[in-house]
K.L.:
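Provided herewith is a single structure, encoded as structure tokens, for subsequent inquiry.
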Amino acid sequence: MTELRLPEMGLVLLIGVSGSGKSHFAARHFRPSQVVSSDHCRLVVADDENDQSATGDAFDLLHHIVATRLRRGLLTVVDATNVQPKAREALLRIAKDHDVLSVGIVLDVPEALAKARNALRPERRLPDHVIPRQRRELRRGMRGIGREFKRHYVLDGEAEIDAATIVYEKAW
Ligand code: CTP
Ligand code: MG
């Protein structure tokens with residue numbers, strides 16, 4: 001069982017392809033107000049959480065919410081794929097600007113599982129190539145991920161993801 005040690009105040013990035021279970025994990029372990037999701041931000045700015053043309057505006061909003069919460073001293077969890085190092089970099093910069101710690105949690109599931117889960121989601125319409133591309137992006141960035149975060153965890157497979165528990169630590 002993996003014990004995820006998180007700061008009481010800081011930035012947590014969930015990292016994983018579509019269908020890896022980020023939103024499920026976030027709902028299980030955090031209060032709704034602690035979770036900032038790219039899908040929700042897309043919905044807010046476009047009335048449609050699948051509207052890819054709204055990505056720029058959605059992430060501007062997401063970054064604004066993250067910065068505001070960190071300034072106000074609130075633990076903040078980002079529920080977005082975060083598979084691209086550049087996407088993580090923008091968020092880690094906001095954490096750094098606010099002088100708070102960042103933790104990455106990678107949810108690594110087999111491609112077949114992510115695809116099978118998404119096939120059961122009427123609200124999620126993804127072209128076939130998207131999950132393989134996200135997995136490649138994730139793989140490529142994994143080597144350097146230790147340098148990005150003060151601490152990061154890789155949960156490998158559904159059983160390990162389901163068994164993970166969280167403990168909060170005051171001092172790091
Ligand atoms: N799911 C499940 N059992 C789990 C985790 C997820 O049955 N242990 C289901 C969820 O209920 C959902 C689907 O698998 O219907 C995808 O999980 P979700 O958490 O929504 O995946 P995300 O990583 O958030 O996907 P996206 O990036 O597309 O938002
Ligand atoms: Mg999700």
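Counting starts at 1 for both ligands and their atoms, following the listed order.
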K.L.:
Donor-acceptor pairs under 3.5 Å, side chain of residues 97-106 to any protein atom, not counting sequence neighbours: which ones?
P.N.:
unit_1	atom_1	unit_2	atom_2	d
H98	ND1	I94	O	2.8
H98	NE2	A67	O	3.4

K.L.:
Closer than 2.8 Å to the Mg ion (ligand 2), what protein N/O/S atoms do you find?
P.N.:
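For the Mg ion (ligand 2), the protein N, O and S atoms that sit under 2.8 Å away are S23 OG.
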
K.L.:
Could you verify whether a donor N or O on one side chain and an acceptor N or O on the other, from R42 and N50, lie under 3.5 Å apart?
P.N.:
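On atom types as modelled, these side chains do not qualify, holding no pair under 3.5 Å.
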
K.L.:
Quick check on side-chain contact (heavy atoms from CB on, under 4.5 Å): which of R135, R136, Q134 does P132 satisfy it with?
P.N.:
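Output: one option passes, namely R136.
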
K.L.:
Kindly say whether S33 contributes a backbone atom to a donor-acceptor pair with the side chain of R69 at under 3.5 angstrom?
P.N.:
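A pair under 3.5 Å: yes.
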
K.L.:
For R93, is the CZ atom crowded, meaning more than 12 foreign heavy atoms sit under 6.0 Å from it?
P.N.:
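Counting neighbours around CZ of R93, 12 or fewer heavy atoms of other residues, nucleotides or ligands fall under 6.0 Å, so no.
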
K.L.:
Can you sort out the partners of E148 under salt bridge (charged side-chain N to carboxylate O under 4.0 Å, His left out), two or more places apart, ordered by chain and number?
P.N.:
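For E148, the residues satisfying salt bridge (charged side-chain N to carboxylate O under 4.0 Å, His left out) (neighbours in sequence not counted) are R88.
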
K.L.:
Could you verify whether a donor N or O on one side chain and an acceptor N or O on the other, from D39 and S37, lie under 3.5 Å apart?
P.N.:
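No pair is found: no donor N or O on one side chain lies under 3.5 Å from an acceptor on the other.
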
K.L.:
Charged N to carboxylate O under 4.0 angstrom, K96 versus E89?
P.N.:
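Here K96 does not pair with E89 in a salt bridge, since their nearest N and O are not under 4.0 Å apart.
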
K.L.:
Pick out which of L138, L155, V78, L107 makes a side-chain contact (heavy atoms from CB on, under 4.5 Å) with I15.
P.N.:
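Single pass found, and it is L138.
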
K.L.:
Using a cut-off of under 3.5 Å, which N/O atoms of ligand 1 pair up with protein N/O atoms, and what distance separates each pair?
P.N.:
unit_1	atom_1	unit_2	atom_2	d
ligand 1	19 (O)	S23	N	3.2
ligand 1	19 (O)	H24	N	2.8
ligand 1	20 (O)	R121	NH2	3.2
ligand 1	21 (O)	G21	N	3.2
ligand 1	23 (O)	S20	N	3.4
ligand 1	23 (O)	S20	OG	3.4
ligand 1	23 (O)	G21	N	3.0
ligand 1	23 (O)	K22	N	2.9
ligand 1	23 (O)	K22	NZ	2.7
ligand 1	24 (O)	S23	N	3.0
ligand 1	24 (O)	S23	OG	2.9
ligand 1	25 (O)	G19	N	2.9
ligand 1	25 (O)	R121	NH1	3.4
ligand 1	27 (O)	K22	NZ	2.7
ligand 1	28 (O)	S18	OG	2.6
ligand 1	28 (O)	R121	NH1	3.1
ligand 1	28 (O)	R124	NE	2.8
ligand 1	28 (O)	R124	NH2	3.1
ligand 1	29 (O)	D39	OD2	3.3
ligand 1	29 (O)	R124	NH2	3.0

